[in-house]
Amino acid sequence: MGNENSQSTKHAVLTCLRHAAAPVSGEELAATCGVTRVSVWKAIQKLQEAGYGITGSRAGYVLTADKSDSLDSWEFENRESQFIHFDETDSTMIEARRIAENGEAGMQIITADSQTAGRGRADRSWTTTTGSLAFTLVTDTRLPVAESHRAVMASQLAVLHTLQEANPSKQFFLRWPNDIWTADGKVCGILDEFRASGSYTQWLNLGIGVNLHTAPDGADYVSSSTDLTRKTLLESFLDQYQRIQPLIQEQSSQLTDRWNAACRDTGSTIRLDDGTSCTFLGLNSYGWAQTVSNGNTTLFPPGTARYIK
């Protein structure tokens, strides 16, 4: 009888209860959702276990307490089969690596409400503040290893456009190799991880952390408005990334040109973490930083240097 997929049933039941002005019977829910009453009952049990306040009586079921800004997979409707959510995990990157190593095909999105060991570049930690967005894209992207940073460039641009649309009053810009900043500090970091064979990536995962409403000391956040939710931001990012993703493997300068135009440091004097100063010329097509100092041009592969604000 209809679609008996439990995740789809949870989404359908939840949608019905959210829009209901009165209690809804199990029979009505089954008819509306196109499933059996047993499926409705199982879906309601799972929703209750996940923290949704649903009460039942002779009159029917009522949603008495909704979850605020839930990232549970069934909240994403058409994409729900791609989502895996954890209330708490050590790191979404660790979970993503396990999935990628198992060879599961297609893009998947790993989300978490909190991370006990969030990771940043060069083994630095990433603090997931309360209500912030932490997720990892599991991809089967195949690229020459030398070009793998193009995936980070594309995801940076997707995040940048997402944040700018979410809060037009704030100016966001890119920083090499993997950040998004405002004038007041870092708002997002991106960590890539891949496995390669024969000089090509077998899979390439992108871990993304966004300071949404709060931020650690010295960093910045996207917006103080609670109307901006993690779910809205994540859905917008996925739409943006889907549009930009083809540029990763496209043999043109479009991705590099767009990245350099969105980086405020291009053409400016920067100081590297080893203390040297140079002029940042932007990225080349591989995502390597191009700098010039005393007339000498130097290229830095991602991860070999970083610049200091």
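Because the structure is predicted, anything quoted here is derived from the model rather than measured.
Under the 4.5 Å side-chain heavy-atom criterion for ILVMFWY residues, no single connected hydrophobic cluster contains both Leu204 and Ile84. In the hydrophobic cluster analysis, where Ile, Leu, Val, Met, Phe, Trp and Tyr join through side-chain heavy atoms closer than 4.5 angstrom, Val13 is grouped together with Trp41. Linking Ile, Leu, Val, Met, Phe, Trp and Tyr whenever their side-chain heavy atoms come within less than 4.5 Å puts Leu247 and Val152 in one cluster. The hydrophobic cluster containing Tyr241 also contains Val187, counting ILVMFWY residues as joined when their side-chain heavy atoms lie under 4.5 angstrom apart, directly or transitively. Side-chain heavy atoms closer than 4.5 Å link hydrophobic residues (I, L, V, M, F, W, Y) into clusters, and following such links, possibly through other members, connects Phe83 to Met107.
Under the salt bridge (Lys or Arg N to Asp or Glu O under 4.0 Å) criterion, Arg79 pairs with Asp239, not counting sequence neighbours. Shown here are the ring pair (Phe, Tyr, Trp, His ring centres under 6.0 Å) partners of Tyr61, two or more places apart in sequence or in another chain: there are none.
With contacts defined as side-chain heavy-atom distances shorter than 4.5 Å, the pair Asp113/Glu88 does not qualify. Between Gln249 and Glu147 the shortest side-chain heavy-atom distance does not fall below 4.5 Å. The side-chain heavy atoms of Leu17 and Val24, taken from C-beta on, include a pair separated by under 4.5 Å. Under the 4.5 Å side-chain criterion, counting only non-hydrogen atoms from C-beta, Leu212 is in contact with Leu233. Between Thr136 and Ile208, every side-chain heavy-atom pair lies at or beyond the 4.5 Å cut-off. Here the side chains of Leu255 and Arg150 are in contact, with some heavy-atom distance below 4.5 Å. Residues Ile248 and Met153 have side chains not in contact (no heavy-atom distance under 4.5 Å, counting atoms from C-beta outward). The shortest side-chain heavy-atom distance between Ile190 and Asp179 does not fall under the 4.5 Å cut-off.
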Check against side chain to side chain contact (heavy atoms under 4.5 Å, CB included), Arg195 and Arg97 = CA-CA 9 Å; Arg195 181 174 294 281; Arg97 183 195 308 149; 5.7 Å; no

request  = Starting from the C-alpha separation in whole Å, work towards a yes-or-no answer on side chain to side chain contact (heavy atoms under 4.5 Å, CB included) for Gln156 and Leu160.
outcome  = CA-CA 6 Å; Gln156 280 181 283; Leu160 178 74; over 6 Å; no

message = What verdict does the side chain to side chain contact (heavy atoms under 4.5 Å, CB included) test give for Trp288 and His149, after you've listed the backbone C-alpha separation in whole Å, the side-chain angles of each residue and the deciding distance to 0.1 Å?
response = CA-CA 8 Å; Trp288 292 28; His149 195 71; 5.9 Å; no

task = Report the C-alpha separation of Phe194 and Val145 in whole Å, then their side-chain angles, then the decisive distance to 0.1 Å, and conclude whether the side chain to side chain contact (heavy atoms under 4.5 Å, CB included) test is met.
result = CA-CA 9 Å; Phe194 61 82; Val145 170; 3.9 Å; yes

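Side-chain atoms of Ser73 and Glu80 form no donor-acceptor pair, as typed in the model, at a separation below 3.5 Å. Between the side chains of Asp274 and Thr276, at least one donor N or O sits under 3.5 Å from an acceptor N or O. No side-chain N or O of Gln254 forms a donor-acceptor pair with one of Ser252 less than 3.5 Å apart. No side-chain donor from either of Thr256 and Ser253 sits under 3.5 Å from a side-chain acceptor of the other. For the residue pair Tyr52 / Ser70, a side-chain donor-acceptor distance below 3.5 Å is found, with atom types taken as modelled. Checked by atom type, the side-chain pair Glu95/Thr92 shows no donor-acceptor distance below 3.5 Å.
Minimum interatomic distance between Leu283 and Ala289 (heavy atoms only, all atoms of both residues): CD2-CA, 3.8 Å. Closest non-hydrogen pair, Gly26 versus Val40, comes out as O-CG2, 4.3 Å. Nearest heavy atom pair, residue Asp72 against residue His85, reads OD1-CD2, 3.5 Å. Considering all non-hydrogen atoms of both residues, Ala146 and Tyr286 come closest at O-CD2, 3.4 Å. The minimum heavy-atom distance linking Thr229 with Thr226 is given by the pair CG2-O, 4.2 Å. A pairwise comparison of heavy atoms in Leu191 and Met93 identifies O-CE, 3.6 Å as the closest pair.
Glu28 contributes a side-chain N or O that, together with a main-chain N or O of Ser25, makes up a donor-acceptor pair within less than 3.5 Å. In this structure a side-chain-to-backbone donor-acceptor pair under 3.5 Å is missing from Lys42 to Arg37. For Trp176 (side chain) and Gly287 (main-chain N/O), a donor-acceptor pair under 3.5 Å exists by modelled atom type. Judged purely by atom type and a 3.5 angstrom limit, Thr162 uses its side chain to pair as donor or acceptor with the backbone of Ala158. Within the 3.5 Å criterion, the main-chain N or O of Cys278 finds no donor-acceptor partner in the side chain of Thr291. At least one donor-acceptor pair under 3.5 Å links the side chain of Lys170 to the backbone N or O of Tyr221. Checking side-chain atoms of His213 against main-chain N and O of Val222 turns up no donor-acceptor pair under 3.5 Å. Ser39 contributes no side-chain N or O that, together with a main-chain N or O of Val35, makes up a donor-acceptor pair within less than 3.5 Å. Without hydrogens or angle criteria, Asp90 side chain to Thr116 main chain gives no donor-acceptor distance under 3.5 Å. A side-chain donor-acceptor contact under 3.5 Å links Thr201 to the backbone of Leu143.
We find the OG-CH2 distance between Ser285 and Trp259 to be 13.5 Å, quoted to the nearest 0.5 Å. Distance CD/Gln108 to CD/Gln82: 8.0 Å, rounded to 0.5 Å. Expressed to the nearest 0.5 Å, how far CZ of Phe172 lies from CG of Asn167 amounts to 5.0 Å. One finds the CG atom of Asn260 at 9.5 Å from the CG atom of Leu174 (value rounded to the nearest 0.5 Å). Taking OG1 from Thr32 and CD from Glu27, the interatomic distance works out to 10.5 Å, rounded to the nearest 0.5 Å. Atom CG in Asp192 sits 6.5 Å away from atom CG in Leu206 (nearest 0.5 Å).
The pair Arg175-Asp265 counts as a salt bridge, with a side-chain nitrogen and a carboxylate oxygen less than 4.0 angstrom apart.
Screening Lys231, Lys10, Arg230, Arg18 for a salt bridge (charged side-chain N to carboxylate O under 4.0 Å, His left out) involving Glu75 leaves a single residue, Arg18.
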